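All of these numbers come straight from a predicted model, not from anything done at the bench.
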Amino acid sequence: MDLNFDRQPDRRDVPGEKWGRYADRDILPLWVADMDFTAPSPVLEALRNRIDHGVFGYTDAWPSLISAVTDGIERDHGWRVESDWLVWLPGVVTGLNLACRAVGGPGDGVFTATPIYPPFLFAPDNNERRLVSCALEERAGRWHWNREATAAAIDERTRLFMLCNPHNPVGRAFDREELSWIAALAEERDLVICSDEIHCGLVLDADRPHIPIAALDERTARRTITLMAPSKTWNIPSLYCAFAIIPDPALRSRFRRAMRGIVPHVNVLGMVAAEAAYRDGGPWREALLDYLRGNRTRVLEAIAAMPGLRTTSPEATYLAWIDCREAALDDPAAFFEAAGVGLSDGKGFGLAGFVRLNFGCPRSTLDEALARMSRALATRG
Ligand SMILES: Cc1ncc(COP(=O)(O)O)c(C=O)c1O
């Protein structure tokens, strides 16, 4: 198995968002959330075998795929998922939008806390719902829920709580106590929870396991739509294979109804890759997590040494959420882009003054990007 994460594949060779944005410029792309690593060899081999077959007819999920996924979730996260709880989707963002559409009616509220992965902010309006939000807060180097503000923001027409766990962009893997608080609030206000757990395979802190909120207890499971995919963990996002886990039959049928005539089958290659990833991708994932821990340390040390920049240690994901406000830059993302580093602008996540740095890349690329950032801050006029 190829476990050499130091090798930088030339991504300018193929069309792609991350490297394509800066195709003719000397800007290292550390923005959109995919990694610069080739997919695990069992995934590549499964894809090659399937392509060699040569026939690509319509295909529904098959038994060995379903058991690879349910066994993988039980092995990695201790949650036994029944096969009939699964609803296959071509993407997690599709699932976020379907959840908005399936729960409540026009004008009803959908809660999420900011900063947040931008499609959370658009999904309510896409589906005639109303975004209701409040801010997460950073205290002593860690992001937390503002419980009072959350309870106050959720009005009587709010029907859905959109959770991102592990959290993009702040990198928190929420603990049992925090999740139990969310579950109790959902119970008290009769909210459906839609929990985007796409980053669940990327928990970096060994003592902080991912806890699916639906695994807390049966009552919570019954009001929850969990969204997962192999795409982030095994770096296959453009294969577009994801799934919702919906234990409650009535909620599941509302969700399926919202899909009718709009949401296509999942691409067969995505499903082939998913089976191989969940079944045989464990050793690659372990090696990846080790490598990402090393990259995280590099980021934390480098950012701590940059005047005016602060960050918190991401417990999960390959994303660092960097506070640039004390550096008093007019536009931090544009400033670092001019210095040769492409980052995501915090504005899109609902929090200006921040940037998000993707450290899912070879260490040499990361070191060069951090050196460029540091030089730019040291030499600015
Ligand atoms: C929290 C979160 N959800 C969903 C997605 C994208 O999911 P998909 O490409 O399956 O729609 C991302 C990608 O960055 C993400 O970070």
Side-chain angles (χ1 to χ4, degrees), residues 21-22 26-33 112-118 120-121 133-150 153 164 166-174 178 199 204-205 292-361 363 365-381:
R21 174 180 278 188
Y22 304 117
D26 180 21
I27 297 175
L28 294 170
L30 271 57
W31 63 289
V32 68
T112 200
T114 55
I116 189 66
Y117 175 59
F120 279 65
L121 300 174
S133 72
C134 72
L136 295 171
E137 55 183 22
E138 194 233 296
R139 272 182 269 121
R142 196 147 184 250
W143 287 88
H144 297 270
W145 294 92
N146 181 333
R147 297 187 184 192
E148 271 176 28
T150 302
C164 187
H167 193 277
N168 171 6
V170 306
R172 282 293 321 279
F174 295 115
E178 291 168 299
H199 293 280
L204 302 173
D205 287 2
L292 292 177
R293 284 183 201 109
N295 278 3
R296 175 178 64 173
T297 302
R298 283 287 221 279
V299 171
L300 294 178
E301 286 172 0
I303 298 298
M306 292 185 206
L309 263 49
R310 296 173 57 232
T311 192
T312 50
S313 181
E315 298 160 354
T317 78
Y318 43 77
L319 307 167
W321 182 240
I322 302 170
D323 184 348
C324 306
R325 289 173 298 186
E326 280 177 20
L329 304 166
D330 285 343
D331 181 339
F335 174 82
F336 290 116
E337 194 176 274
V341 184
L343 304 172
S344 301
D345 189 337
K347 265 193 244 124
F349 297 75
L351 191 49
F354 283 70
V355 289
R356 193 193 70 177
L357 180 151
N358 172 347
F359 57 86
C361 61
R363 207 152 291 157
T365 309
L366 178 63
D367 283 346
E368 173 60 20
L370 292 168
R372 289 181 184 190
M373 290 171 68
S374 170
R375 249 189 333 264
L377 285 168
T379 57
R380 75 186 161 130

Trainee: Looking at Val170 and Pro115, what are the two nearest heavy atoms and their distance?
Mentor: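 The pair with the smallest heavy-atom distance is CG1-CG, 3.8 Å.
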Trainee: With sequence neighbours left out, what residues match Glu337 under salt bridge (charged side-chain N to carboxylate O under 4.0 Å, His left out)?
Mentor: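 Once residues adjacent in sequence are excluded, Glu337 has no partner under the salt bridge (charged side-chain N to carboxylate O under 4.0 Å, His left out) criterion.
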Trainee: Can you name the nearest heavy-atom pair linking Ala173 to Ala316, along with the distance?
Mentor: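 So the two residues come closest at CB-CB, 4.4 Å.
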Trainee: Roughly how far, to the nearest 0.5 Å, is the CG atom of Leu292 from the CZ atom of Phe359?
Mentor: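 The CG atom of Leu292 is 6.0 Å from CZ of Phe359, to the nearest 0.5 Å.
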Trainee: NE2/His144 to CD/Glu137 distance, rounded to the nearest 0.5 angstrom?
Mentor: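 The NE2 atom of His144 sits 8.0 Å away from the CD atom of Glu137.
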Trainee: What pairs with Ala371 under side-chain contact (heavy atoms from CB on, under 4.5 Å), at least two apart in sequence or on another chain?
Mentor: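 side-chain contact (heavy atoms from CB on, under 4.5 Å) list for Ala371, sorted by chain: Arg375.
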Trainee: Which atom pairs, donor and acceptor, lie under 3.5 Å between side-chain atoms of residues 345-353 and protein residues at least two apart or in another chain?
Mentor:
residue	atom	partner	partner atom	Å
Asp345	OD1	Lys347	N	3.0
Asp345	OD2	Lys347	NZ	3.4

Trainee: Going by the rule salt bridge (charged side-chain N to carboxylate O under 4.0 Å, His left out), which residues pair with Arg356 if we only count those two or more places apart in sequence or in a different chain?
Mentor: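 With neighbours one apart ignored, the set is empty.
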Trainee: To the nearest 0.5 Å, tell me how far Leu136 CG sits from Asn146 CG.
Mentor: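 Atom-to-atom, Leu136:CG and Asn146:CG are 9.0 Å apart.
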Trainee: Restricting to salt bridge (charged side-chain N to carboxylate O under 4.0 Å, His left out), what partner residues turn up for Glu138, sequence neighbours left out?
Mentor: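 Residues passing salt bridge (charged side-chain N to carboxylate O under 4.0 Å, His left out) with Glu138: Arg310.
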Trainee: With Arg325, which residues qualify under salt bridge (charged side-chain N to carboxylate O under 4.0 Å, His left out), at least two apart?
Mentor: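 In terms of salt bridge (charged side-chain N to carboxylate O under 4.0 Å, His left out), with neighbours along the sequence ignored, Arg325 is linked to Asp323.
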Trainee: Not counting sequence neighbours, which residues clear side-chain contact (heavy atoms from CB on, under 4.5 Å) with Cys361? List them please.
Mentor: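 Asp36, Thr365, Leu366.
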Trainee: Distance check, rounded to the nearest 0.5 Å: Leu309 atom CG versus Met373 atom CE?
Mentor: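 It is 5.5 Å, given to the nearest 0.5 Å.
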Trainee: Walk me through whether Tyr22 and Leu28 qualify under side-chain contact (heavy atoms from CB on, under 4.5 Å).
Mentor: CA-CA 8 Å; Tyr22 304 117; Leu28 294 170; over 6 Å; no
Trainee: Looking at residues at least two apart in the chain, or sitting in another chain, which of them share a side chain to side chain donor-acceptor pair (under 3.5 Å) with Asp330?
Mentor: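 If we apply the side chain to side chain donor-acceptor pair (under 3.5 Å) test to Asp330, skipping adjacent residues, there are no hits.
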Trainee: Of all residues at least two apart in sequence or in a different chain, which pass the side chain to side chain donor-acceptor pair (under 3.5 Å) check with Ser374?
Mentor: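 In terms of side chain to side chain donor-acceptor pair (under 3.5 Å), with neighbours along the sequence ignored, Ser374 is linked to no residue.
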Trainee: Side chains of Arg21 and Val32: does their closest heavy-atom pair fall under 4.5 Å?
Mentor: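 Answer no - side chains too far apart.
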Trainee: Sequence neighbours excluded, which residues qualify as ring pair (Phe, Tyr, Trp, His ring centres under 6.0 Å) partners of Tyr318?
Mentor: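 So Tyr318 forms no ring pair (Phe, Tyr, Trp, His ring centres under 6.0 Å) with any residue.
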Trainee: List in chain and number order the residues that pass side chain to side chain donor-acceptor pair (under 3.5 Å) with Arg296, two or more places apart in sequence or in another chain; answer none if no residue qualifies.
Mentor: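 With neighbours one apart ignored, the set is Asp205.
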Trainee: Can you name the nearest heavy-atom pair linking Leu300 to Ser313, along with the distance?
Mentor: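 Closest pair (atom of Leu300, atom of Ser313, distance): CD1-OG, 3.5 Å.
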Trainee: Just wondering, do Met306 and Leu370 contact through their side chains at under 4.5 Å, heavy atoms?
Mentor: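 The answer is yes; the side chains approach within 4.5 Å.
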Trainee: Compare all side-chain heavy atoms of Cys324 with those of Phe336 and state whether any distance is below 4.5 angstrom.
Mentor: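 Contact flag for Cys324/Phe336 side chains = yes.
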Trainee: Over all heavy atoms of both residues, which pair between Gly342 and Ile27 is shortest? Give the atoms and the distance, please.
Mentor: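 Closest approach of Gly342 to Ile27: N-CG2, 3.5 Å.
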Trainee: Is Val341 close to Glu368 at the side-chain level, that is, under 4.5 Å between some pair of heavy atoms?
Mentor: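 Side chain of Glu368 against side chain of Val341, heavy atoms only: no contact under 4.5 Å found.
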Trainee: Return the minimal non-hydrogen interatomic distance between Arg142 and Thr312, and the atom names on each side.
Mentor: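 For Arg142 versus Thr312, the nearest heavy atoms are N-CG2, 4.0 Å.
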Trainee: Which value, rounded to the nearest 0.5 Å, describes the distance between Ile303 atom CD1 and Thr311 atom OG1?
Mentor: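 With rounding to 0.5 Å, CD1 (Ile303) is 6.5 Å from OG1 (Thr311).
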Trainee: SG/Cys164 to CZ/Phe120 distance, rounded to the nearest 0.5 angstrom?
Mentor: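 Output value for this atom pair is 4.0 Å.
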Trainee: Quick check: closest heavy atoms across Thr317 and His167, and the distance to 0.1 Å?
Mentor: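 Looks like CG2-O, 4.0 Å.
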Trainee: With sequence neighbours left out, what residues match Asn358 under side chain to side chain donor-acceptor pair (under 3.5 Å)?
Mentor: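 Applying side chain to side chain donor-acceptor pair (under 3.5 Å) to Asn358 gives none.
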